[in-house]
Amino acid sequence: MAEHIDVLIPEDEVERRIGEMAEQINMEYADRGVHLICILKGSIFFTCELAKKLTIPVTMDFMSVSSYGAGTRSSGVVRLVKDLDEPIEHKNVIVLEDIVDSGHTLHYLLHNLTQRNPESLKLAALLDKPDRRVTDVHVDYTGFTIPDKFVVGCGMDYDQRYRNLPYIGVISFDD
Ligand code: IMP
Ligand code: MG
């Protein structure tokens, strides 16, 4: 089965938008600094690009959850694969996700992290696919709202491939 990738959001547009998000965070957290939580693996590129543009004090930690099999649909069951290294009590946390789809992952993360008593907790997602939402989650910082298409690149994969594409592409299959 051949796979095709069409560009949905070009590299320069992704970079520009992440810059705007960073500016907003720089302003809103100017007096506090921020503790970024990168949700592996999809958010690594988003996290790096955003973090490089932050001028406030930044600390970072990493967490890995899984809700997807090898296909393109969420199973709805979220599993903690790798926990944070450090407590988040009294920290001003922003969780960084690559994409919010059904909302199961963020719902789980929000519930899990709130119990650890952060000083504040916000959510940032590079992409939002609201058409597919089944759980109500509020995203504080959204990069782009996109239609119901399966996307790859900028950290996002199809069956673990294409994460390294510098743009956001839509994958399609012809048989
Ligand atoms: P949710 O739990 O359904 O909101 O899905 C969130 C996770 O599923 C994201 O963090 C991605 O890892 C993955 N995901 C959802 N949609 C896509 C997509 O279009 N391309 C690649 N990964 C996706
Ligand atoms: Mg993810």
Side-chain angles (χ1 to χ4, degrees), residues 1-11 13-15 17-18 21 25 35-51 60-84 88 93-116 121-175:
M1 198 159 60
E3 295 165 7
H4 284 288
I5 309 220
D6 295 306
V7 177
L8 180 68
I9 309 172
E11 183 176 4
E13 231 180 284
V14 174
E15 200 184 318
R17 182 66 189 125
I18 294 177
M21 296 170 87
I25 292 168
H35 186 64
L36 300 178
I37 295 182
C38 169
I39 307 303
L40 299 169
K41 307 169 190 161
S43 305
I44 48 171
F45 291 76
F46 176 39
T47 301
C48 292
E49 294 306 315
L50 184 85
M60 295 166 74
D61 205 343
F62 300 84
M63 196 172 181
S64 179
V65 293
S66 124
S67 72
Y68 263 60
T72 60
R73 298 275 146 176
S74 168
S75 65
V77 179
V78 182
R79 196 165 52 90
L80 180 60
V81 177
K82 181 218 171 292
D83 204 353
L84 297 172
I88 55 170
V93 173
I94 301 181
V95 175
L96 302 179
E97 253 289 47
D98 47 359
I99 181 164
V100 191
D101 188 28
S102 68
H104 284 129
T105 305
L106 272 190
H107 182 84
Y108 168 88
L109 286 171
L110 203 58
H111 179 76
N112 181 297
L113 296 173
T114 304
Q115 290 171 334
R116 307 185 195 195
L121 180 61
K122 287 201 176 186
L123 305 175
L126 180 58
L127 301 180
D128 188 2
K129 245 197 271 185
D131 293 349
R132 305 224 325 144
R133 198 64 40 80
V134 297
T135 0
D136 197 25
V137 283
H138 175 72
V139 184
D140 300 281
Y141 306 98
T142 304
F144 301 93
T145 300
I146 60 161
D148 181 10
K149 304 257 197 247
F150 197 83
V151 292
V152 293
C154 296
M156 285 164 289
D157 72 304
Y158 170 70
D159 212 0
Q160 298 304 326
R161 285 176 300 138
Y162 305 117
R163 292 191 194 276
N164 59 311
L165 296 180
Y167 55 87
I168 291 165
V170 173
I171 188 163
S172 56
F173 310 91
D174 24 61
D175 33 31

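In listed order, ligands and their atoms are each counted from 1.
With hydrogens and angles ignored, the 3.5 Å screen pairs no side-chain donor or acceptor of Lys129 with any backbone N or O of Val100. At distances below 3.5 Å, at least one donor-acceptor pair connects side-chain atoms of Ser102 with backbone N or O atoms of His104. Between the side chain of Asp140 and the backbone N or O of Leu123, at least one donor-acceptor pair lies under 3.5 Å.
Listed by number with element, the atoms of ligand 1 under 4.0 Å from a non-hydrogen atom of Asp157 are 21 (C). Heavy-atom proximity to Lys149, at under 4.0 Å, picks out these atoms of ligand 1: 19 (O). Using a 4.0 Å cut-off to heavy atoms of Thr105, the atoms of ligand 1 that qualify are 1 (P), 2 (O), 5 (O), 6 (C). Numbered from 1 in the order shown, with element, the atoms of ligand 1 that lie under 4.0 Å from a heavy atom of His104 read 2 (O), 4 (O).
Residue-ligand proximity: Gly103 is placed with a non-hydrogen atom under 4.0 Å from ligand 1.
Residues Arg116 and Leu84 are in side-chain contact: their nearest non-hydrogen atoms beyond the backbone lie under 4.5 Å apart.
Rounding to the nearest 0.5 Å gives a distance of 8.5 Å between CZ of Arg132 and CZ of Phe150.
Neither the backbone nor the side chain of Leu106 has any atom closer than 4.0 Å to an atom of ligand 1 (non-hydrogen atoms only). Heavy atoms of Ile99 found under 4.0 angstrom from ligand 1 belong to the backbone as well as the side chain.
Side-chain contact annotation: His4 with Asp174, donor-acceptor N/O pair under 3.5 Å present.
Considering Arg163, Glu97, Lys129 only, the shortest heavy-atom separation from atom 16 (N) of ligand 1 involves Lys129. Of the candidates Ala125, Ser102, Ser43, the one placing a heavy atom closest to atom 1 (P) of ligand 1 is Ser102.
Heavy atoms of other residues, nucleotides or ligands lying less than 6.0 angstrom from NZ of Lys122 number more than 12.
Between Val151 and ligand 1, a contact under 3.5 Å exists for at least one N or O pair.
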